[in-house]
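What follows is a set of notes on a single structure, which appears directly below.
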Amino acid sequence: MALGKFLVKRLLQGVFVVWGVVTVMFTLRAVSPGDPANLIVGEAADPHLREQVREQYGLNEPIHVQYADYLQGIAVGDFGYSFQSGRQVEAMVIERVPATLELAVAATIIAILIAVPLGVISASRRNEPADYGATLFSLLGISTPNFWLGLMLILLLAVQIGLFPTGRRPVGLVEALTALVTTGYATGLVTWLKHIILPAITLGTYFTALITRLTRSGMLDELGKPYVDATEAKGLPAALIRYKHVLRNTMIPIVTVLGLQLGTLIGGAVITETVFSWPGLGDRLIQALNARDWPLMQGIIVFIGISFVLINIVVDALYASLDPRVIDE
């Protein structure tokens, strides 16, 4: 099977997954108690005004008509209007995407910088103190709840020591970089870095532990293969063998997990963003949940589902380029 046909197949599967997410979210909205019109105008509003709202949002249409209209809208990028603010949902989602992406990418970078070298060292020094330390770190990272770790970091490093600021970030990455380029001052970028370090560590801890264990187990498998003995017999340095040959063969499952976990980080940043008041999709999703703003909730969940599908397709493409045998499986 050609790579193009393989990716088209994955894309069609992704469309089916997104349709499933849309259908589940619409069903939950349809069976949830309460009249959405009351959320917009209030229970004490004039009945005529409530009826106008139902007609405006299509709430008086049969459920199958509402479902068809919703699918048709999503197909053209129209997710409807927020019950609470009256704004277009897609605009409210898009304006929060950069903050969530900044956090997810920062957490991923921290995880890669720590986990891969730690996994290599752990495998290279098996059953030594360094290996035990890395194993303990992985166990703690996987076992520690994100919200608890975030609260402890705030309490210790922000409140007690005062090393990092608390509260909502005053500037985003794009604004900070723009100010750096136009004015030459890095004050905004430094402020952004100080605000993102703690949430990025919190969000990336589980990811770091997972990649460390994956790298260690992959390295141990590869180090036991005959080609490693052959390269050692040729007199190649041990570090060159581990980082150039062995680690390269270990990267296929790591790349797969990296892609899958990036999607998980985007979707799973809800708790971290809430703890640190980070103005991303998770923070907005909590606001929508509290207000029972169904169109906004649906828009955010569907956007996360679409992101997850697209990231998986990119991972499949990378995986196929690293190991063409997966195309025929």
Side-chain angles (χ1 to χ4, degrees), residues 100-153 156-157 164 193 196-225 227-228 231 237-273 275-276 308 311-312 314-316 318-319 322-323:
T100 296
L101 283 179
E102 290 170 19
L103 185 57
V105 172
T108 304
I109 291 174
I110 290 175
I112 293 173
L113 292 178
I114 296 175
V116 174
L118 196 59
V120 173
I121 293 171
S122 179
S124 303
R125 301 178 181 276
R126 188 179 186 185
N127 296 329
E128 294 182 12
D131 184 25
Y132 296 142
T135 302
L136 178 61
F137 170 79
S138 301
L139 184 61
L140 290 175
I142 290 176
S143 307
T144 304
N146 267 9
F147 72 91
W148 183 85
L149 178 62
L151 291 174
M152 291 302 103
L153 289 176
L156 178 64
L157 299 179
F164 296 99
L193 282 172
I196 200 172
I197 286 177
L198 293 186
I201 291 174
T202 302
L203 185 61
T205 297
Y206 175 85
F207 195 20
T208 305
L210 183 65
I211 297 297
T212 300
R213 297 186 70 168
L214 192 62
T215 305
R216 180 184 182 275
S217 61
M219 288 286 294
L220 288 176
D221 287 341
E222 290 295 325
L223 287 171
K225 292 183 177 178
Y227 77 90
V228 177
T231 51
L240 181 64
I241 295 173
R242 293 189 183 103
Y243 283 95
K244 183 178 180 181
H245 299 284
V246 178
L247 182 59
R248 181 180 180 182
N249 293 334
T250 310
M251 287 305 293
I252 292 178
I254 294 176
V255 168
T256 304
V257 173
L258 280 174
L260 295 175
Q261 287 298 316
L262 182 58
T264 305
L265 289 178
I266 293 175
V270 176
I271 295 175
T272 303
E273 290 184 0
V275 170
F276 289 93
F308 209 101
I311 290 171
N312 273 279
V314 173
V315 171
D316 285 339
L318 289 174
Y319 202 113
L322 290 171
D323 185 2

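Because the structure is predicted, anything quoted here is derived from the model rather than measured. This chain uses plain numbering: 1 for the first residue, then up along the sequence.
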*Apply side chain to side chain contact (heavy atoms under 4.5 Å, CB included) to the pair F137 and T208, showing each step before the final yes or no.*
CA-CA 9 Å; F137 170 79; T208 305; 3.7 Å; yes

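- With rounding to the nearest 0.5 angstrom, the CD1 atom of I271 is 15.0 Å from the CH2 atom of W148.
- Closest heavy-atom contact between L118 and A134: CG-CB, 3.9 Å.
- F276 contributes atom CZ, which lies 7.5 Å from atom CG of L151 (distance to the nearest 0.5 angstrom).
- Of all heavy-atom pairs spanning I196 and A106, the tightest one is CD1-CB, 3.8 Å.
- Between atom CG of residue L149 and atom OG of residue S143 there is a gap of 12.0 Å, rounded to the nearest 0.5 Å.
- Atom CG of L103 is separated from atom CG of L203 by 5.0 Å, given to the nearest 0.5 angstrom.
- Partner of S122 under the side-chain hydrogen bond (donor to acceptor under 3.5 Å, both in side chains) criterion, out of T135, D131, T212, T215: D131 alone.
- Closest approach of E273 to T100, counting heavy atoms only: OE2-OG1, 2.9 Å.
- Inter-residue side-chain proximity for N127 and Y132 is flagged as met; some heavy-atom pair is nearer than 4.5 Å.
- By the side-chain contact (heavy atoms from CB on, under 4.5 Å) test, L101 is found to be paired with V97, I266, residues two or more places apart in sequence or in another chain being considered.
- The salt bridge (Lys or Arg N to Asp or Glu O under 4.0 Å) test applied to R125 returns E128, not counting sequence neighbours.
- Using a 4.5 Å cut-off on side-chain heavy atoms (C-beta onward), L153 and T202 make contact.
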*List the steps and the verdict of side chain to side chain contact (heavy atoms under 4.5 Å, CB included) for L210 and L214.*
CA-CA 6 Å; L210 183 65; L214 192 62; 5.6 Å; no

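- With hydrogens and angles disregarded, no donor-acceptor distance shorter than 3.5 Å links the side chain of T144 to the backbone of G141.
- Contact between L220 and A123 at its shortest, heavy atoms only, is CD2-O, 3.7 Å.
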_I112 vs I211, side chain to side chain contact (heavy atoms under 4.5 Å, CB included): CA-CA, chis, key distance, verdict_ = CA-CA 8 Å; I112 293 173; I211 297 297; over 6 Å; no

